[in-house]
Amino acid sequence: MKLVVAISSRALFHLDESHAIYESQGVDAYCAHQRENEHVVLEPGPAFTLVKKLLALNKGVEVVLLSRNSADTGLRIFNSIEHYQLDIKRAAFCSGASAHRYVEAFGAQLFLSTNPDDVRESLVLGHAAATILPSNRDNDSGQLRIAFDGDAVLFSDDSERIYKQLGLDAFTRNEKETARDPMPGGPFKNFLAALHALQAAYGPDDSPIRTALVTTRSAPAHERVIRTLRAWDIRIDEALFLGGMPKGVFLKAFGADIFFDDQPVHCESAREFVPTGHVPYGIANAAVGRED
């Protein structure tokens with residue numbers, strides 16, 4: 001199984017200066033700036049290290065670029081890709097239009113962007129997607145380490161809805177009563193399955209990929225999680241059941257290259273320690289009128 005990750009240009013490189021010109025002076029000034037600076041190498045962006053580690057795995061991984069730039073202004077981006085020797089050969093330049101439309105066409109299991117609307121629309125279409133948040137934290141180890149929240153990320157938000165609407169006691173009672181019933185998959189189930197397929201080519205002690213579940217669940221709600229992953233026949237290397245403790249320090253200890261969570265409050269805490277992607281999915285994001 002081939003792992004394909006689609007990424008926006010602003011997630012891969014720092015384009016804040018260029019974007020500020022676009023916002024304040026318009027598209028013509030932006031295009032002129034990019035042409036004038038097309039041989040000026042862009043600085044790595046929030047997902048750069050993740051992409052570099054993905055590309056270093058093997059030929060079973062591909063990264064494609066999805067950009068709102070035009071092909072003309074995108075020349076600077078490809079020059080920067082060449083400078084950093086990133087093996088990215090496929091791209092879609094959409095001249096201001098949303099690029100998430102091409103996630104499925106490229107066969108991507110994950111879409112990473114700094115544009116929340118593109119991410120939200122991609123999730124509605126059934127694709128794993130996350131908004132990459134600004135973070136200066138990187139994992140320096142050679143191993144690729146990816147951490148996931150559980151409910152509304154790996155799993156559906158069914159249980160989280162019970163917690164939000166009826167409280168902790170009702171949630172705990174439900175999880176005990178349904179402990180042997182696997183949870184429906186969430187938006188990142190297929191992406192985790194693709195990572196699992198890559199890991200299967202290695203032994204447990206020499207895999208270049210390590211995964212972790214980092215959840216606020218605690219006993220007795222842990223059992224349903226374990227049985228769900230067992231039913232899916234999907235490997236997870238580490239599982240942290242934190243019982244409401246802040247996740248950031250645990251993610252730092254794990255050494256995550258990226259952490260995916262649906263709740264903004266957890267994302268804000270996590271990005272102080274590791275690169276973080278917000279997954280605007282489920283009831284935790286319904287308060288802003290954008291439930292997916």
Ring geometry between Phe48 and Phe13 (parallel below 30°, tilted from 30 to 60°, perpendicular above 60°): tilted

Parallel, tilted or perpendicular: rings of Phe93 and Phe78 (30°, 60°): perpendicular

Single-linkage hydrophobic cluster [X]~[Y], side-chain heavy atoms < 4.5 angstrom:
X	Y	value
Ile7	Leu55	yes
Leu110	Val61	yes
Leu54	Val103	no
Leu42	Ile81	yes
Leu133	Phe259	no

Exceeds 12 heavy-atom contacts within 6.0 angstrom, atom OH of Tyr102: no

More than 12 heavy atoms of other groups within 6.0 Å of Glu104 CD: no

May I ask you to test the [X]-[Y] pair for a side-chain heavy-atom distance under 4.5 Å?
X	Y	result
His100	His127	no
Pro134	Arg271	yes
Pro208	Leu144	no
Arg68	Ser95	no
Gln263	Glu160	yes
Leu86	Val63	no
Leu15	Gln34	yes
Ile209	Tyr202	no

Out of curiosity, [X] [atom1] to [Y] [atom2], how far, rounded to the nearest 0.5 Å?
X	Y	atom1	atom2	value
Phe188	Phe260	CZ	CZ	4.5 Å
Phe171	Asp151	CZ	CG	5.5 Å
Leu75	Ser80	CG	OG	9.5 Å
Asn37	Glu17	CG	CD	7.0 Å
Leu242	Leu213	CG	CG	9.0 Å
Asp149	Thr216	CG	OG1	6.5 Å

Work out which heavy atom in [X] is nearest to a heavy atom in [Y]; give both atom names and the distance.
X	Y	value
Lys189	Ile234	O-CD1, 4.3 Å
Pro116	Thr131	CA-OG1, 3.6 Å
Tyr281	Ala152	CD2-O, 3.4 Å
Arg145	Phe254	NH1-O, 2.8 Å
Ile77	Ser9	CD1-CB, 3.5 Å
Ser8	Phe111	N-CE1, 4.4 Å

Is a donor on one side and an acceptor on the other found under 3.5 Å between the side chain of [X] and the backbone of [Y]?
X	Y	answer
Thr228	Arg224	yes
Gln143	Ser207	yes
His278	Ile132	no
Asp262	Asn285	no
His14	Pro44	yes

Asp237: partners by side-chain contact (heavy atoms from CB on, under 4.5 Å), with sequence neighbours left out: Gln199, Arg210, Thr211, Arg235

Under-4.0 Å salt bridge between Arg120 and Asp117: yes

Ionic contact status for Asp157 with Lys164, cut-off 4.0 Å: no

side-chain contact (heavy atoms from CB on, under 4.5 Å) assessment of Leu12 paired with Ile88: CA-CA 11 Å; Leu12 184 59; Ile88 299 176; 4.0 Å; yes

Worked check of side-chain contact (heavy atoms from CB on, under 4.5 Å) between Leu50 and Leu112: CA-CA 11 Å; Leu50 173 68; Leu112 302 175; 3.6 Å; yes

With Arg90 via salt bridge (Lys or Arg N to Asp or Glu O under 4.0 Å) - residues at least two apart: Glu62

Verdict with supporting geometry, Asp233 and His196, side-chain hydrogen bond (donor to acceptor under 3.5 Å, both in side chains): CA-CA 9 Å; Asp233 194 24; His196 172 79; 5.2 Å; no

Side-chain donor-acceptor contact under 3.5 Å, Asn69 with Tyr30: yes

Check against side-chain contact (heavy atoms from CB on, under 4.5 Å), Leu195 and Gln109: CA-CA 10 Å; Leu195 288 176; Gln109 291 96 344; over 6 Å; no

Evaluation steps, side-chain contact (heavy atoms from CB on, under 4.5 Å), between Tyr163 and Ile283: CA-CA 10 Å; Tyr163 171 73; Ile283 193 170; over 6 Å; no

Salt bridge (charged side-chain N to carboxylate O under 4.0 Å, His left out) contacts in which one or both residues fall within residues 27-49, not counting sequence neighbours: Arg35-Asp72

Trace of the salt bridge (charged side-chain N to carboxylate O under 4.0 Å, His left out) decision for Glu223 with Arg227: CA-CA 6 Å; Glu223 182 177 355; Arg227 292 189 181 279; 2.8 Å; yes

